[in-house]
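Quick notes on the structure that follows.
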There are 2 protein chains.
Amino acid sequence: MSYDLIIIGAGPAGITSAIYSARQKLKVLIISKSFGGQMAQKAVEIENYPGFEKVTGFDLILKMENQVKDIEILREKVVKVEKKDNFFIVSTEEGKKVEARVVIVATGAEPRRLNVSGEAGYLGKGVSYCSTCDGPLFKGKDIAVIGGGDAGFETAIFMKKYANKIYILEYGDKVKASLENQEKADGIEVITGAELKEIKGKDFVDKIIFEKDKNKNELDVQGVFIQAGYIPETSFLGDLVDLNEKKEIIVNFENYETKTSGLFAVGDVNCGKVKQIVVACGQGATAVIYGYKYI
Amino acid sequence: MSYDLIIIGAGPAGITSAIYSARQKLKVLIISKSFGGQMAQKAVEIENYPGFEKVTGFDLILKMENQVKDIEILREKVVKVEKKDNFFIVSTEEGKKVEARVVIVATGAEPRRLNVSGEAGYLGKGVSYCSTCDGPLFKGKDIAVIGGGDAGFETAIFMKKYANKIYILEYGDKVKASLENQEKADGIEVITGAELKEIKGKDFVDKIIFEKDKNKNELDVQGVFIQAGYIPETSFLGDLVDLNEKKEIIVNFENYETKTSGLFAVGDVNCGKVKQIVVACGQGATAVIYGYKYI
């Protein structure tokens with residue numbers, strides 16, 4: 001099957017691209033296993049998306065999804081994108097091949113694993129990357145959040161609803177969260193200069209070991225929420241794109257085009273420093289308007 | 001009075017900057033005579049802003065305004081911005097002087113009016129300045145696009161999806177659009193040397209009068225898209241910024257900073273080609289996150 005435009009990914013950036021391409025009357029296909037990206041998993045209500053004083057990520061993505069309900073969606077996983085003459089050929093894990101003149105990559109990023117002992121083994125048994133998903137399971141428990149950026153603080157603040165004692169462990173000397181989030185974190189114990197070394201337990205997590213000032217320390221916790229950043233999802237692109245040191249796709253900031261003509265990357269998957277919903281949406285709209293010129 | 005950040009203008013870009021600066025706990029002042037920019041004046045519902053299937057510009061701006069209700073607003077007109085050491089001094093027509101470390105200019109642009117009879121009266125009743133906004137309303141109708149530059153041709157080409165008969169009226173002897181756009185304009189009737197004189201109708205537009213070779217001519221059309229350029233609002237900035245040939249502020253597309261450190265320009269006032277609400281919002285958020293580093 002041949003399309004004008006294929007959008008890979010269905011978070012805020014991808015959905016906005018789809019909204020705009022529908023208005024340009026393009027023949028467009030969205031390929032994504034799931035809808036909503038990180039937004040659907042956000043721990044706290046969104047208060048900085050223009051137009052909504054407060055909205056859950058889940059509700060906002062439902063509203064956006066509703067705006068693209070007439071667009072064809074293939075719920076499969078992309079494993080390869082190739083360029084042949086003036087067309088891109090997109091292959092899915094399920095064996096489908098589709099082609100288009102323009103491809104917009106909006107695959108976002110996956111939570112970064114720390115690869116410490118116990119992390120994989122206790123996944124779903126005390127280890128989580130998503131407090132909105134798993135928060136209620138930790139009612140009355142003591143938990144540690146690993147990571148002192150905004151995501152870590154928002155996770156900890158959210159978990160005040162459920163957990164008993166909450167720690168935030170930050171590897172660096174200072175937390176990186178916004179002052180607003182730091183102020184909301186009253187009652188939460190923040191430990192800086194702390195490197196997680198091991199997650200221990202029996203059937204479930206009951207302890208973490210971390211190093212601080214070259215000493216080993218223990219905390220008795222029944223939950224560990226890891227918020228150590230994100231890894232962009234770009235493996236299927238091969239050498240069609242260049243990546244920066246964070247493995248983000250390098251784009252031209254004017255139009256979000258990659259080094260390959262007709263191939264765009266928008267939202268958290270690209271090298272833009274501001275990882276925010278409305279910024280991802282703006283990029284999604286911009287790429288379509290530029291991509292339209294190829295078609 | 002001294003602030004961390006002054007935002008000049010209160011359309012979608014400026015308001016989003018304000019939403020983000022409040023979250024960073026910055027001491028911020030918005031200076032704007034009115035709220036909403038072009039968005040508040042939109043005659044038809046917005047269908048391409050992510051999160052709302054349909055919303056009037058008026059309603060959307062009210063919702064955004066509600067998100068900045070705790071922010072100080074000075075309802076005056078800026079007449080001058082100067083830089084002194086590491087501070088900007090902003091002066092208003094009403095004689096106030098305020099200062100800040102960072103200034104975000106979000107004053108937008110106004111579509112250039114032709115000031116012909118009927119233009120103001122039929123706004124939203126057949127007269128439009130934005131085909132992506134209003135195009136679908138003209139399905140099956142005959143329309144005239146006023147302006148034979150690229151914007152006019154792109155409007156006409158876009159409208160082929162919806163409209164029946166399409167005219168382009170160009171004031172000069174030759175159209176100024178690129179050859180590429182001219183080639184795409186098959187089926188569109190281009191009339192050069194044509195000066196629009198009047199837009200007529202009853203409840204809605206039904207006719208335009210134009211002069212060519214000193215003769216008056218009529219066209220029966222139900223829509224008039226005026227594409228006579230935009231006028232960015234930059235007069236108060238002096239030589240703190242460079243302008244392009246469209247009088248838009250030249251910015252670095254990564255962070256929307258102008259040639260002057262700490263002075264940013266977001267939304268329709270800058271040289272970005274995609275003039276859309278969600279794009280302006282994304283720029284407003286991005287500039288604040290970068291601007292925060294100065295403070």
Side-chain angles (χ1 to χ4, degrees), chain A residues 12-13 15-20 22-26 46-55 59-69 150 178-183 251-256 266 271-290 292-293, chain B residues 12-13 15-16 18-20 22-26 46-55 59-64 66-69 132-133 135-136 154 158 160-162 180-181 251-256 271-290 292:
Chain A
I15 293 179
T16 305
S17 289
I19 292 170
Y20 270 80
R23 289 184 73 78
Q24 305 288 339
K25 296 264 174 185
L26 299 180
I46 298 162
E47 297 177 354
N48 57 7
Y49 185 79
F52 295 91
E53 201 168 359
K54 281 189 181 203
V55 62
D59 283 345
L60 184 53
I61 205 72
L62 275 187
K63 287 173 197 290
M64 290 188 186
E65 208 177 323
N66 194 41
Q67 288 174 272
V68 295
K69 59 182 183 295
D150 279 312
S178 68
L179 280 182
E180 188 184 4
N181 275 327
Q182 291 185 47
E183 283 171 12
V251 292
N252 170 350
F253 284 115
E254 183 176 357
N255 54 15
Y256 308 104
V266 294
C271 59
K273 290 202 182 70
V274 181
K275 307 298 194 190
Q276 294 289 323
I277 295 167
V278 72
V279 173
C281 291
Q283 293 182 2
T286 300
V288 169
I289 305 288
Y290 277 91
Y292 183 56
K293 294 177 184 165
Chain B
I15 294 181
T16 305
I19 293 171
Y20 269 81
R23 289 183 71 78
Q24 303 290 338
K25 298 266 171 191
L26 299 179
I46 297 162
E47 295 178 352
N48 57 8
Y49 185 79
F52 295 90
E53 201 169 359
K54 280 187 183 208
V55 63
D59 282 346
L60 185 51
I61 205 72
L62 274 186
K63 286 173 196 291
M64 291 187 185
N66 195 40
Q67 288 174 273
V68 295
K69 59 182 183 292
T132 8
C133 317
E154 286 168 11
F158 178 79
K160 287 209 273 183
K161 294 166 187 167
Y162 300 109
E180 192 186 358
N181 274 328
V251 292
N252 170 349
F253 284 115
E254 182 175 356
N255 54 15
Y256 307 105
C271 60
K273 291 203 183 69
V274 182
K275 308 297 193 190
Q276 294 288 321
I277 295 167
V278 73
V279 172
C281 291
Q283 293 182 2
T286 300
V288 170
I289 306 287
Y290 277 89
Y292 185 54

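Naming: A, B, ... by sequence-line order, numbering from 1 per chain. Given the structure is predicted, the values throughout are model-derived calculations rather than measurements.
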Against chain B, work out which of G284(A), S178(A), G51(A) has the most heavy-atom pairs shorter than 4.5 Å and name it. G51(A)
Taking NZ in K161(B) as the centre, count heavy atoms belonging to other residues, nucleotides or ligands within less than 6.0 Å. Is the count above 12? yes
Look only at the side chain of Q67(A) and the backbone of Y49(B), and say whether a donor-acceptor pair between them is shorter than 3.5 Å. yes
Is there a side-chain contact between P50(A) and I19(B) in this structure, where contact means two heavy atoms from C-beta onward sitting under 4.5 Å apart? yes
Look at K293(A) together with E154(B) and state whether they make a salt bridge at an N to O cut-off of under 4.0 Å. no
Counting heavy-atom pairs under 4.5 Å to chain B, which of K63(A), Q283(A), Q276(A) comes out on top? Q276(A)
What about Y256(B) and F253(A), are their ring centers closer than 6.0 Å? no
Could you tell me the separation between the CD1 atom of I277(B) and the SG atom of C281(A), rounded to the nearest 0.5 Å? 13.0 Å
Interchain contact, K160(B) with chain A, by part (heavy-atom threshold 4.5 Å): neither
So for I289(A), is it side chain, backbone, both, or neither that comes closer than 4.5 Å to the heavy atoms of chain B? side chain
For V279(B), which atoms come within 4.5 Å of any heavy atom of chain A: side chain, backbone, both, or neither? both
E180(A): what forms a side chain to side chain donor-acceptor pair (under 3.5 Å) with it, not counting sequence neighbours? none
Working to the nearest 0.5 Å, report the span between NZ of K275(A) and OG1 of T286(B). 10.5 Å
So which of L62(B), I15(B), D59(B), N66(B) has the biggest tally of heavy-atom pairs under 4.5 Å with chain A? N66(B)
Relative to chain A, which segment of K273(B) carries a heavy atom at a distance below 4.5 Å: side chain, backbone, both, or neither? both
Chain B contact via F52(A) - which portion, at a heavy-atom distance below 4.5 Å: both
Less than 4.5 Å to any heavy atom of chain A: does that hold for the side chain of P12(B), its backbone, both, or neither? neither
So what's closer than 4.5 Å to chain B heavy atoms on E65(A): side chain, backbone, both or neither? neither
Tell me, side chain or backbone of V278(A) under 4.5 Å from chain B's heavy atoms, or both, or neither? both
